[in-house]
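Written below as structure tokens is the structure these notes are about.
Please read these numbers as outputs of a predicted model, since none were measured by experiment. Reminder, nothing fancy here: chain letters follow the sequence lines and each chain counts from 1.
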2 protein chains.
Amino acid sequence: MDLRIKKSTRALLDASFQVLLVNPRASLSEIAKLAGVGRATLYRHYSTREELIAAIAIESLDLIEQSLAPIIAAKQSGLKAVEAMVEKLLPLADRFHFLQTVWTIAELDRQVWAMYETQMNQIWLWIDEGQKKGEIHAELSAEWIVAVIDSMLYSASWMLNQSKMPEQHVKEQFLILLKHGITTE
Amino acid sequence: MDLRIKKSTRALLDASFQVLLVNPRASLSEIAKLAGVGRATLYRHYSTREELIAAIAIESLDLIEQSLAPIIAAKQSGLKAVEAMVEKLLPLADRFHFLQTVWTIAELDRQVWAMYETQMNQIWLWIDEGQKKGEIHAELSAEWIVAVIDSMLYSASWMLNQSKMPEQHVKEQFLILLKHGITTE
DNA sequence: TAGTTATGATACAATAGTGTCTCATATGGT
DNA sequence: ACCATATGAGACACTATTGTATCATAACTA
């Protein structure tokens, strides 16, 4: 593949991700400028705003998929798999933040939705296994647990960026809260 | 105060809240139309988009403040106060969702920031009390707990709207997860 | 009821954003 | 080194959005 295309799309995806995270109203001109790429070039690769957003969403979901792959390969299951998942996904907290902010647009894309569904099913499976094994509270719905992990990753992105808590520390706090809650019992 | 003003600002705040929650890029014309109010009237009350967003943010923070007031009045403290807070704030989950999506704009407003800080301090205080009493894990930073409650309210709004889980059920799941985490130990 | 004023409709100018096209240039593939 | 092509710069038409102004009318206050 042509290096020039690789270079421009890379710059565009990076700049878009960065800008749209902070300002979802940013214009395509603004994004092109920040990417150091001609406006026409942006339109050549992504004919609409929606397409660009979908492309970033797909890239994000791809990164998530790659992070989960080793857990699947190692045939981990139940709570152990969920724990491993959290550790792997923490570095991608910003991607979750992005997906949440653009979700109403991104979810309209077929591929985005398909990837999202696949991953959701995988996570549900792990939670379900954990519940069957008695490791995870059976009263909690898998849907709710997934939603909470998702939004906790959003919090994690906040903590990493705004309050500069080191990643190792965020990881510990994340797992304590997720596994044991806030009470000492 | 003139009833006409009350009526238009009410309609504008409601419509804006509803629309911006789904589409943060909505134009002011769009919002005015949905509010059933002339575009000129919108500009008479809110001269810029930022002002409008700040107004909704202030209203939201006001609702939150009103919900927390009885807990303060009853002099509750520590974990009990946190639990009571969650119950009171759950019906305002959408407001938290809104605040998160427009925060980069809203936080620039002095009044918004002041109200936010006051409430944050109150919540920190409760958590701190809970930790001193030994009810809440001391290893968890108050900042992290607050961030997580905030984003769990976002999840709750998702569950209430998208997956139509009844509020009572969401409340139970919220408290189980927050207090005890997902593990059975 | 009389006077005030907020409103909707409309027009208007100014600006910003979109989407397409052309063309000389530079960069990459082979 | 040669050819193909992706690029940036610029021009262009078009639409959307903003922000202001005017004015007759309706709704409110006292």
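Every side chain to side chain donor-acceptor pair (under 3.5 Å) that B:Gln66 has, sequence neighbours left out, goes to B:Asp62. Under the rule for a side chain to side chain donor-acceptor pair (under 3.5 Å), the partners of B:His169 that lie at least two apart in sequence or sit in another chain are B:Gln173. In this view, B:Ile105 and B:Glu50, B:Ile53 satisfy the side chain to side chain contact (heavy atoms under 4.5 Å, CB included) rule, not counting sequence neighbours. Legend: residues meeting side chain to side chain donor-acceptor pair (under 3.5 Å) with A:Ser77, ordered by chain and number and at least two apart, are A:Lys133. Residues forming a side chain to side chain donor-acceptor pair (under 3.5 Å) with B:Trp158 (at least two apart in sequence, or on another chain): none. Shown here are the salt bridge (Lys or Arg N to Asp or Glu O under 4.0 Å) partners of A:Lys88, two or more places apart in sequence or in another chain: there are none.
Listed for the A:Lys75 side chain is no donor-acceptor partner under 3.5 Å among the backbone atoms of A:Ile72. The backbone N or O of B:Leu61 lies less than 3.5 Å from a partner atom in the side chain of B:Gln119, making a donor-acceptor pair. Judged purely by atom type and a 3.5 angstrom limit, A:Glu167 has no side-chain atom pairing as donor or acceptor with the backbone of A:Leu90.
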Throw together a table of side-chain donor-acceptor distances under 3.5 angstrom for residues 32-46 of chain B, partners on residues two or more places apart or in other chains.
from    : atom 1 : to      : atom 2 : distance (Å)
B:Thr41 : OG1    : B:Arg44 : NH1    : 3.3

Kindly list each side-chain donor-acceptor pair under 3.5 angstrom involving residues 109-116 of chain A, sequence neighbours excluded, with atom names and distances?
from     : atom 1 : to       : atom 2 : distance (Å)
A:Asp109 : OD1    : A:Gln111 : N      : 3.0
A:Asp109 : OD1    : A:Val112 : N      : 3.0

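Rounded to an integer number of Å, the gap from CZ of A:Arg49 to P of C:dA16 is 17 Å. Taking atom CD on A:Glu50 and atom C1' on C:dT18, their separation rounds to 12 Å, with Å as the unit. Atom-to-atom, CD1 of B:Ile5 to C1' of C:dT5 comes out at 8 Å; the value is rounded to the nearest Å.
For the helix from C:dT1-D:dA30 to C:dT30-D:dA1, the end axes, each set by the C1' atoms of five terminal pairs, are bent relative to each other by 60° (nearest 10°).
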Inset, instruction - Encode nucleotides 20-30 of chain C as B, S and - characters from 5' to 3', where the letter depends on protein heavy atoms closer than 4.0 Å: B to the base, S only to sugar-phosphate, - to neither. - result: BBB---BBSS-

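Protein chain B touches strand DNA chain D; the 5'-most and 3'-most nucleotides with an atom under 4.0 angstrom of its non-hydrogen atoms are D:dT17 to D:dT29.
The side chain to side chain contact (heavy atoms under 4.5 Å, CB included) test with B:His137 singles out one residue from A:Ile176, A:Thr183, A:Ile182, and that residue is A:Ile176. Each of B:Ser151, B:Ser60, B:Ser157, B:Ser155 was scored for a side chain to side chain donor-acceptor pair (under 3.5 Å) with B:His97, with one residue passing: B:Ser157.
Of the residues in residues 13-36 of chain B, those lying under 4.0 Å from DNA chain C by heavy-atom distance are B:Gly36.
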